[in-house]
Amino acid sequence: MPTNVTPEYKKAEEAYRNAREPKERLDCLRQMFRTIPKHKGTEHLQADIKTRIKQLSEELAGPKKGGRRSGPALVVRPDGAAQLSLIGPPNAGKSSLHARLTGSHSDIGPYPYTTHFPVPGMLPFDDVQFQLVDLPPVSSEFMEPWLINALQPADGALLVIDVSDPDCLEQVPAVLECLRQKKAFLTPAWPGLDREVSAGLDDTDDPFRLDLPTVLIANKSDLDPDPEEVKILEELLGLSFPALTMSAKSGDGLDELGPFLFRALEVVRVYTKTPGKRADEDKPFTVRRGGTILDVAHLVHKDIARDLKFARVWGTDVFDGQQVGPDHLVSDGDRVELHA
Ligand SMILES: Nc1nc2c(ncn2[C@@H]2O[C@H](COP(=O)(O)OP(=O)(O)OP(=O)(O)O)[C@@H](O)[C@H]2O)c(=O)[nH]1
Ligand SMILES: [Mg+2]
């Protein structure tokens with residue numbers, strides 16, 4: 001963080017870090033630009049903010065008629081309990097996994113660089129869904145210039161590799177380096193897993209630094225059935241991501257992803273009910289551990305959040321129908337009646 005920034009700027013930066021919708025992010029960036037002290041020490045940051053405002057405005061303007069920017073959206077609006085991006089070298093099987101896990105029809109090809117645009121899809125787990133976004137590959141030869149933007153709304157990443165391909169020893173460091181150069185860092189630290197965050201993170205104050213909790217997906221296990229293979233790989237590469245072994249072809253290991261994400265992201269499901277009625281048991285709202293009644297109210301409707309007075313809760317750490325305030329922390333499975 002540059003010195004001498006104002007509280008207004010800090011507030012705008014904090015809001016930017018928390019914003020998930022592209023439109024909201026753009027508003028925050030504009031606020032950052034308005035409030036940043038204009039002196040020599042902030043020149044780099046000013047330039048960075050301006051570039052991001054330009055990129056995001058273009059993205060939001062959508063396809064231009066006959067212009068360069070036509071085709072599918074390059075940033076996927078978050079949906080479900082969390083958004084996860086599929087990242088990896090060419091031909092690792094990202095699209096094959098995406099198709100199997102979400103039922104999407106993402107293009108699959110026996111040659112590299114098959115996928116050209118983000119493809120969203122939903123992975124069901126229990127009564128929630130995770131949004132998986134298939135992406136074009138990353139390699140030292142080429143990375144789509146918009147790819148880093150597409151990662152911004154993500155809550156985590158699936159780093160997909162072909163575990164049977166010896167080239168992944170070069171490919172994985174190349175992927176990590178390409179992302180790092182654009183300030184995106186894949187980290188083994190997930191909120192719900194007991195793992196130490198690697199020390200010595202530099203520049204954690206940079207508002208444009210993106211840290212994505214990452215799980216290594218060792219795909220094509222049908223071609224290399226040695227269950228130790230991924231451990232050996234991680235050791236050779238000096239990595240410590242949590243890892244899951246899968247085969248998009250045989251289907252092995254696919255059903256481990258949902259439970260992993262639920263636990264690692266500390267998803268908390270809350271069922272809302274209207275007074276005197278049963279809770280809507282099929283469609284929970286989801287927050288993360290640490291989420292409050294007010295966070296749930298925001299998901300239901302912004303007016304309800306604005307006017308919220310108290311809630312009644314049935315579930316964990318409360319007696320049945322206990323009255324609680326907006327700051328009360330919710331637990332998984334809570335049934336909640338919101339009173340405005
Ligand atoms: N044997 C085997 N083949 C697989 C598996 N997963 C994918 N493949 C094959 O690997 C090739 C590449 O698959 P894609 O899903 O297109 O790979 P991708 O990572 O999306 O490739 P890009 O979009 O180019 O980055 C295809 O021929 C798939 O049929 C698997 O688990 N086992
Ligand atoms: Mg693909």
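Hydrogens, waters and symmetry mates play no part in the numbers below; they use all other heavy atoms, side chains included. In each ligand, atom 1 is the first atom listed, and ligand 1 is the first ligand listed.
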Does any N or O of ligand 1 fall below 3.5 Å from an N or O anywhere on [X], backbone included?
X: Ser95; value: yes
X: Ala92; value: yes
X: Gly93; value: yes

Is it the case that [X] and [Y] place a side-chain donor and acceptor less than 3.5 Å from each other?
X: Ser221; Y: Ser247; answer: no
X: Ser106; Y: His98; answer: no
X: Gln55; Y: Arg52; answer: no
X: Tyr16; Y: Asp27; answer: no

To which protein heavy atom is [atom] closest, and what is the distance rounded to 0.1 Å?
atom: atom 21 (O) of ligand 1; value: Asn91 N, 3.1 Å
atom: atom 29 (O) of ligand 1; value: Ile108 CG2, 4.0 Å
atom: atom 25 (O) of ligand 1; value: Lys94 NZ, 2.7 Å
atom: atom 24 (O) of ligand 1; value: Tyr113 N, 2.7 Å
atom: atom 14 (P) of ligand 1; value: Ser96 OG, 3.6 Å
atom: atom 32 (N) of ligand 1; value: Asp222 OD1, 2.7 Å

May I ask you to decide whether [X] forms a salt bridge with [Y], counting only side-chain N to carboxylate O separations under 4.0 Å?
X: Asp320; Y: Arg312; value: no
X: Glu228; Y: Lys231; value: yes
X: Lys309; Y: Asp307; value: no
X: Lys10; Y: Glu13; value: no
X: Asp127; Y: Lys283; value: no
X: Arg269; Y: Asp126; value: yes
X: Lys220; Y: Asp224; value: no

Ligand 1 atoms in contact with [X] (distance to a heavy atom under 4.0 Å):
X: Leu223; value: 1 (N)
X: Gly109; value: 11 (C), 12 (C), 13 (O), 16 (O), 26 (C), 27 (O)
X: Pro112; value: 24 (O)
X: Thr114; value: 22 (P), 23 (O), 24 (O)
X: Ala248; value: 6 (N), 30 (C), 31 (O)
X: Pro110; value: 26 (C), 27 (O)
X: Thr115; value: 20 (O), 23 (O)
X: Pro90; value: 25 (O)

Mind running salt bridge (charged side-chain N to carboxylate O under 4.0 Å, His left out) on Glu337 and Lys273 for me, showing each step along the way? CA-CA 5 Å; Glu337 209 175 78; Lys273 69 195 274 311; 2.9 Å; yes

Quick check: does Asn91 have an N/O/S atom under 2.8 Å of the Mg ion (ligand 2)?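 Checking the Mg ion (ligand 2) against Asn91, no N, O or S atom falls under 2.8 Å.
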
Check whether any N, O or S atom of Thr115, backbone or side chain, sits closer than 2.8 Å to the Mg ion (ligand 2). yes

Specify whether Trp146 and Phe117 have parallel, tilted or perpendicular ring planes, treating 30° as the upper limit for parallel and 60° as the lower limit for perpendicular. parallel

Can you check which of Arg100, Lys220, Lys249 brings a heavy atom nearest to atom 9 (C) of ligand 1?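 Residue with the shortest heavy-atom distance to the ligand atom: Lys220.
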
Short version for Asn219: what comes under 4.0 Å of ligand 1, heavy atoms counted, is side chain

